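Below is one structure, written out as structure tokens; the observations come after it.
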Amino acid sequence: MRNRSGLAALALVLASPTALSGCGCGVELSVEPVTIVGHGRRTVDMPLEARLTKDGDPVVGVKVEFSALGPNGVVLGVVATGSDGVARIEGRRALGPDSINGVHGQTWTSYRAKVFILQSTDGAGDAVCAEPAEAPFKFTP
């Protein structure tokens, strides 16, 4: 059975011109630069974080999509924000000298987090207007 209220909320967001151009809703998504050193290991963990706030307060339970950016970008995963408003993707043994999650890509230089368009609850759907956030990413094998 479809979540009709969720679909209706998505339709309203997509139809609203302000939602598509920095809606001014007070929701902000932020990420920090990441440097990971592999110390010669074949693979290492790749922890990334994104903080979602509304008027400075944490926004809880919102799905955030993480992507590695570059010539051959790849979606790394989707995780929900916790009680502190932070979405954390752990990527256990995901990063190697020339790949992320087994996909060749030694030229990735940044990563992006964005609010996932389809949310589980209407309250989380209110955060869709947050602009994506991007930060530098550096891996030294």
Side-chain angles (χ1 to χ4, degrees), residues 2-141:
R2 290 186 179 176
N3 180 346
R4 292 180 191 268
S5 62
L7 290 175
L10 177 60
L12 286 173
V13 168
L14 294 176
S16 169
T18 57
L20 298 175
S21 60
C23 68
C25 62
V27 179
E28 182 179 348
L29 185 63
S30 60
V31 296
E32 298 291 328
V34 171
T35 299
I36 298 174
V37 179
H39 300 288
R41 290 177 288 189
R42 273 190 66 210
T43 59
V44 295
D45 294 347
M46 183 180 55
L48 300 175
E49 294 184 353
R51 180 175 304 281
L52 187 65
T53 58
K54 181 170 184 170
D55 299 323
D57 295 323
V59 180
V60 180
V62 173
K63 293 178 186 175
V64 175
E65 177 184 287
F66 289 87
S67 300
L69 301 179
N72 299 313
V74 64
V75 173
L76 302 170
V78 177
V79 293
T81 56
S83 60
D84 56 358
V86 177
R88 292 175 178 85
I89 189 165
E90 294 299 324
R92 301 281 181 210
R93 295 185 305 272
L95 191 58
D98 61 356
S99 68
I100 293 180
N101 287 345
V103 177
H104 182 73
Q106 50 193 159
T107 58
W108 283 306
T109 58
S110 60
Y111 75 103
R112 177 181 63 209
K114 67 179 183 177
V115 173
F116 195 62
I117 295 295
L118 300 176
Q119 296 292 328
S120 302
T121 66
D122 291 340
D126 293 341
V128 171
C129 69
E131 294 292 324
E134 189 175 319
F137 175 83
K138 182 179 180 185
F139 174 62
T140 303

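Residues: numbered from 1 along the sequence shown. None of the values given here were measured: they were computed from a predicted structure.
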Spatial distance of atom OH (Y111) from atom CG (L69) [nearest 0.5 Å]: 10.5 Å
Side chains of V64 and V78: closer than 4.5 Å at any heavy-atom pair? no
Please report, to 0.1 Å, the donor-acceptor pairs under 3.5 Å made by any side chain of residues 25-37, with sequence neighbours excluded.
none

Closest non-hydrogen atoms of T53 and G56, given as atom of the first, atom of the second and distance, are CB-C, 4.0 Å
Can you tell me which residue pairs pass the salt bridge (charged side-chain N to carboxylate O under 4.0 Å, His left out) test with a partner in residues 73-83, sequence neighbours excluded? none
Please name all residues satisfying side chain to side chain contact (heavy atoms under 4.5 Å, CB included) with P132, sequence neighbours left out, ordered by chain then number. R112, K114
Please set out all donor-acceptor pairs under 3.5 angstrom arising from side-chain atoms of residues 79-87, sequence neighbours excluded.
residue: T81; atom: OG1; partner: V59; partner atom: O; Å: 2.8
residue: T81; atom: OG1; partner: G61; partner atom: N; Å: 2.9
residue: T81; atom: OG1; partner: V62; partner atom: N; Å: 3.0
residue: D84; atom: OD1; partner: V86; partner atom: N; Å: 3.1
residue: D84; atom: OD2; partner: R88; partner atom: NH1; Å: 3.1
residue: D84; atom: OD2; partner: R88; partner atom: NH2; Å: 2.8

